[in-house]
Amino acid sequence: MKKPELLVTPKKVDEIVPLIEAGADAFIIGEQKFGLRLAGDFSREEVKEAIALAHQHGKKVYVAMNAIFHNELVEEIGEYLTFASEAGADAVVYGDPAVLMMAKEFAPSMKLHWNTETTATNWHTCNYWGRKGSKRAVLARELSMDAIVETKEHAEVEIEVQIHGMTCMFQSKRSLLGNYFEYQGKALKIENRDQEEAMFLFDPERDNKYPIFEDANGTHIMSPNDMCIIDELGEMIDAGIDSFKIDGILQTSEYILDVTKKYRLAIDTYIADQDKYEEIKEGLLSEIEELQAKNRPLDTGFFFKETVY
């Protein structure tokens with residue numbers, strides 16, 4: 001039975017080694033200018049340092065280039081691809097086809113992970129981008145467990161699935177919050193991404209609070225709940241899913257570390273002894289529930305929602 005990669009999103013370089021010790025196999029990092037919704041904003045020097053640290057421990061680092069690129073940034077894509085290649089990145093995560101096209105010129109040996117957030121919904125599409133040069137497809141968060149397993153059965157590329165954390169529900173390249181506050185005659189500090197500065201949209205009808213923030217990529221509205229399926233990993237491990245992602249955006253460093261340890265234990269236990277996993281999985285779920293902020297309840301995302309045609 002193949003052990004899936006445990007992919008984690010660190011907030012800063014200092015977290016790389018502790019997360020490796022906690023059980024992380026790989027990391028997604030990058031610069032906000034090129035990557036969407038990163039847990040932390042890494043300068044080029046920090047990217048190089050993180051890659052060196054990870055490689056010293058036999059782990060991988062993927063550089064995020066999955067932003068929505070407008071014309072003014074296109075010329076910088078090739079230069080950043082060259083940087084990522086020279087820094088020793090194990091792969092680049094992209095969504096815009098411009099990255100794929102320019103990688104052939106500026107980083108021809110670079111592995112590419114296709115991630116458009118919402119459109120990787122079937123194995124036909126995953127395989128199409130695989131034939132174009134992608135090594136991995138990052139599945140949309142809106143897929144059911146059955147759809148994920150079916151996709152993996154027919155996929156010609158590696159398959160990555162998010163198993164924990166927030167989901168982005170809406171993104172606009174516009175500075176919607178800034179424009180609103182400007183209209184109100186107030187100033188808004190961009191990058192309200194620290195937990196103590198988090199803002200929320202409140203829906204009284206559903207009694208939900210949606211985290212909302214702005215950064216260089218525009219306005220982002222996140223899910224009211226955190227996805228967590230630490231007690232439902234077996235079917236995807238059996239199916240051979242290649243990578244499980246813990247998304248730590250808007251979480252504390254301590255939270256990301258603790259959650260990584262618990263998923264490491266869950267994965268390793270299932271691989272070694274499935275009966276033992278059945279015994280401990282509810283306890284692991286309860287431990288994560290205790291870590292949760294009061295306004296961040298856990299749910300199973302779309303994994304067990306019925307598909308309506």
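One is the number of the first residue; the rest follow in order along the sequence. Atoms considered below: every heavy atom in the structure, side chains included; atoms not considered: hydrogens, waters and symmetry mates.
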Trainee: More than 12 heavy atoms of other residues, nucleotides or ligands under 6.0 Å from CD of E75: is that the case?
Mentor: no
Trainee: Looking at CG of N127 and NZ of K132, how far apart are the two atoms once the value is rounded to the nearest 0.5 Å?
Mentor: 13.0 Å
Trainee: Any cation-pi pair here, R44 with F83, using under 6.0 Å and within 45°?
Mentor: yes
Trainee: Under a 4.5 Å cut-off applied to non-hydrogen side-chain atoms, are I229 and M236 in contact?
Mentor: yes
Trainee: Salt bridge between D242 and K152, side-chain N to carboxylate O under 4.0 Å?
Mentor: yes
Trainee: For the residue pair Y277 and Y270, does the interplanar ring angle fall in the parallel (under 30°), tilted (30 to 60°) or perpendicular (over 60°) class?
Mentor: perpendicular
Trainee: Does any donor atom in the side chain of H55 or D90 lie under 3.5 Å from an acceptor atom in the other side chain?
Mentor: yes
Trainee: To check you understand the geometry: which heavy-atom pair defines the closest contact between P10 and I29, and what is its length?
Mentor: CG-CG2, 3.6 Å
Trainee: Please tell me if the side chains of L250 and F213 come closer than 4.5 Å, counting only heavy atoms from C-beta onward.
Mentor: yes
Trainee: Going by an N to O cut-off under 4.0 Å, is there a salt bridge joining K48 and E86?
Mentor: no
Trainee: Just say parallel, tilted or perpendicular for the rings of W123 and H154, cut-offs at 30° and 60°.
Mentor: parallel
Trainee: Kindly write out the residues that satisfy salt bridge (charged side-chain N to carboxylate O under 4.0 Å, His left out) with E49, not counting sequence neighbours, or none if the list is empty.
Mentor: none
Trainee: Just checking, any donor-acceptor pair under 3.5 angstrom between side chains of D226 and Q292?
Mentor: yes
Trainee: Can you tell whether the side chains of K33 and E76 come within less than 4.0 Å, N to carboxylate O?
Mentor: yes
Trainee: Would you kindly say whether N122 and E150 are connected by a side-chain donor-acceptor distance under 3.5 Å?
Mentor: no
Trainee: Y263 vs H164 aromatic rings, parallel, tilted or perpendicular, using cut-offs 30° and 60°?
Mentor: perpendicular
Trainee: May I ask you to decide if A216's main-chain N or O and Q32's side chain share a donor-acceptor pair within less than 3.5 Å?
Mentor: yes
Trainee: Should L285 and F304 be counted in the same cluster of Ile, Leu, Val, Met, Phe, Trp and Tyr side chains packed under 4.5 Å apart?
Mentor: yes
Trainee: I230 and L7: same hydrophobic cluster, using ILVMFWY side-chain contacts below 4.5 Å?
Mentor: no
Trainee: Please list all pairs meeting side chain to side chain donor-acceptor pair (under 3.5 Å) that have one or both residues in residues 91-112, counting only residues at least two apart or in different chains.
Mentor: Y94-S134
Trainee: Can you check side-chain contact (heavy atoms from CB on, under 4.5 Å) on T119 and T125, steps first, answer last?
Mentor: CA-CA 8 Å; T119 61; T125 308; 5.6 Å; no
Trainee: Any salt bridge linking R264 with D268? Criterion: basic side-chain nitrogen under 4.0 Å from a carboxylate oxygen.
Mentor: yes
Trainee: Who are the side-chain contact (heavy atoms from CB on, under 4.5 Å) partners of A140, not counting sequence neighbours?
Mentor: T121, E142
Trainee: Linking I/L/V/M/F/W/Y whenever any side-chain heavy atoms sit under 4.5 Å apart, do V92 and V74 land together?
Mentor: yes
